[in-house]
Number of protein chains: 2
Amino acid sequence: MHDERTMPEDDGGGEPQADRTAVEDSLASHLERQLEHLVLSGELAPGERLNEIHLAARFGTSRGPLREALRMLHAKGFVTTVRNRGMYVRAIGREEALEIYDVRAAIFGLAGRILTDKVTDDLLEHLYLALGEMDTLAAARDFDAYYRANLGFHEFLLTSTGNSSLVAQYHSLVDKLHLCRARSLVQAGGLSVSNREHREMVESLASGDKFRAQEAFFRHVERAKMRFGSTAG
Amino acid sequence: MHDERTMPEDDGGGEPQADRTAVEDSLASHLERQLEHLVLSGELAPGERLNEIHLAARFGTSRGPLREALRMLHAKGFVTTVRNRGMYVRAIGREEALEIYDVRAAIFGLAGRILTDKVTDDLLEHLYLALGEMDTLAAARDFDAYYRANLGFHEFLLTSTGNSSLVAQYHSLVDKLHLCRARSLVQAGGLSVSNREHREMVESLASGDKFRAQEAFFRHVERAKMRFGSTAG
DNA sequence: AGCATTCAAAGTGTCAACAGTTTTTGTTTC
DNA sequence: GAAACAAAAACTGTTGACACTTTGAATGCT
């Protein structure tokens with residue numbers, strides 16, 4: 001019964017246990033990641049009730065570690081708790097989503113501000129290259145590839161700040177926005193529009209004006225907020 | 001044995017169970033608050049090992065709820081975990097503290113930016129009143145009262161934005177800074193200095209220039225960061 | 001039929017015990 | 001005396017069981 005953890009019974013097409021080859025991590029942490037993925041992917045929808053017994057059975061564990069995992073998600077703000085009634089996937093409303101967009105904008109703006117003092121030729125070259133690629137993808141209407149490139153572009157900017165707290169906070173906020181039922185896949189809407197904003201961001205970095213950069217980065221997120229607000233209004 | 005929760009045995013001068021008259025909350029949540037308080041007050045020092053058995057005995061509960069509480073603190077970033085070895089109070093280093101100051105500055109700057117569009121006569125009057133009080137307290141060298149007034153001043157500014165996500169994020173960051181061993185009680189250092197910065201913040205709000213306000217708020221935290229960095233360097 | 005009541009089923013909250021790992025202690029050997 | 005090894009103590013990881021609460025359905029009454 002213990003060995004089921006490394007080699008769980010596959011009871012006729014079940015899909016628990018993603019890639020648990022290395023048992024370096026505690027079961028609770030593993031479950032947390034699994035659940036977080038299910039929540040963020042929408043497989044567990046916002047507002048949905050989280051039944052401990054069912055989930056424990058689904059992952060082939062007991063309720064103890066599962067509850068610990070749920071507590072972690074609770075602390076992260078992904079689920080809400082009602083005493084003696086259970087936990088529910090957090091459902092973020094329109095107003096709160098707009099609030100989060102603002103905080104995210106501020107943090108992204110900080111990224112721009114920090115980057116201004118860290119700009120190198122290599123960095124700029126990398127960024128201009130990425131802009132070119134994204135233009136190409138946008139022209140080819142390859143939404144999926146553009147989406148990935150866009151993600152990588154932002155990720156590169158964030159990590160280049162060297163501020164890991166900033167990166168973590170930013171990701172946390174982006175994740176929270178996934179808990180909004182009425183979230184719009186905004187990328188499909190403004191494609192080359194978005195890339196024009198990207199270019200303005202890079203150019204403001206190149207200019208060396210940290211206020212301009214901060215504002216460009218800030219507004220990039222604010223415009224995403226407005227696109228969200230108009231579609232989900 | 002269940003009743004020990006509402007009426008725990010006081011085994012000769014122990015000090016568990018703060019104010020658990022209303023059992024509205026789950027034991028785990030209650031423990032989390034207790035532990036968080038112990039951590040932030042420094043009674044459980046950064047780096048200290050957290051023994052589940054001892055802690056459970058101290059609070060008069062079993063390890064289950066205690067572990068859930070610790071998991072919440074883990075998710076919040078207050079403790080670190082080493083598999084099969086236990087959990088430790090997170091110890092934040094100088095570099096990470098400086099990073100956090102930057103993020104905090106960005107969020108506080110956002111508060112200033114938002115407030116600019118929400119300024120009313122009542123709000124300004126309240127702020128100028130608070131400035132006057134703090135000047136008085138600073139002149140009287142009443143550090144303790146100034147500290148409290150300062151806290152209330154910032155709290156009022158934050159909540160006046162109406163953005164509860166912003167407030168939550170800000171508090172989370174302030175709390176994390178308490179996990180830095182070498183944190184300086186910076187308030188004692190610059191007293192009227194600090195209040196001069198406060199006045200600049202309020203005046204920038206009154207001016208209606210949101211960029212100026214954002215920058216004033218931002219720099220207020222950045223200067224706190226610099227005071228921290230110079231004393232803890 | 002409609003509404004209140006009762007009772008069982010389902011689910012969460014908590015605990016005590018067991019399994020496996022890490023740390024400490026005690027002993028032996030050189 | 002110091003290093004290597006072995007046994008045990010301490011602790012974490014996980015589980016199954018029990019207590020209490022909520023939910024929902026069946027029953028009885030008007």
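In what follows, chains carry the letters A, B, and so on, assigned in the order in which the sequence lines appear, proteins first and then strands, with residues in each chain numbered from 1.
Going from atom CD1 of I53(B) over to atom P of dT23(C) covers 15 Å, rounded to whole Å. At whole-Å resolution of the value, CZ in R49(B) and P in dC11(D) are 7 Å apart. Between E52(B) atom CD and dA17(C) atom P the separation is 17 Å, expressed in whole Å. For N84(A) and dA19(D), the CG to C1' distance is 11 Å, given to the nearest whole Å. Straight-line distance from the CG atom of L27(B) to the P atom of dA16(C): 12 Å, rounded to whole Å. Remark: P of dT22(C) and CZ of R85(B) are 8 Å apart, rounded to the nearest angstrom. Atom pair L55(A):CG and dG11(C):C1' shows a separation of 13 Å (rounding to whole Å applied). The distance from atom CG of L50(A) to atom C1' of dG13(C) is 17 Å, rounded to the nearest whole Å.
Scanning for side-chain contact (heavy atoms from CB on, under 4.5 Å) contacts around D122(A) gives T120(A), E125(A), with sequence neighbours left out. When the ring pair (Phe, Tyr, Trp, His ring centres under 6.0 Å) test is applied to F108(A), the partners found at least two apart in sequence or on another chain are H154(A), Y170(A), F217(A). The side-chain contact (heavy atoms from CB on, under 4.5 Å) search around R63(A) returns E52(A), I53(A), A56(A), R67(A), not counting sequence neighbours. Partners of H171(B) according to the side-chain hydrogen bond (donor to acceptor under 3.5 Å, both in side chains) rule, which considers only residues two or more places apart in sequence or in another chain, are E155(B).
When side chains are defined from C-beta on, E32(A) does not count as touching E68(A), because their heavy atoms never get closer than 4.5 Å.
Taking every heavy atom of residues 63-72 of chain B and every atom of DNA chain D, pairs under 4.0 Å involve R63(B), R67(B), by number.
Put simply, R83(A) has no side-chain N or O that comes within less than 4.0 Å of OP1 or OP2 on dT12(C). Dashed line: the shortest gap from a side-chain N or O of N51(A) to OP1 or OP2 of dT12(C) is under 4.0 Å. Dashed line: the shortest gap from a side-chain N or O of H54(A) to OP1 or OP2 of dG11(C) is under 4.0 Å.
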Which donor-acceptor pairs under 3.5 Å do the side chains of residues 174-182 of chain B make with protein atoms, sequence neighbours left out?
{"unit_1": "R181(B)", "atom_1": "NH2", "unit_2": "P46(B)", "atom_2": "O", "d": "3.3"}

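Residues S194(A) and R227(A) bring no donor and acceptor atom of their side chains to less than 3.5 Å of each other.
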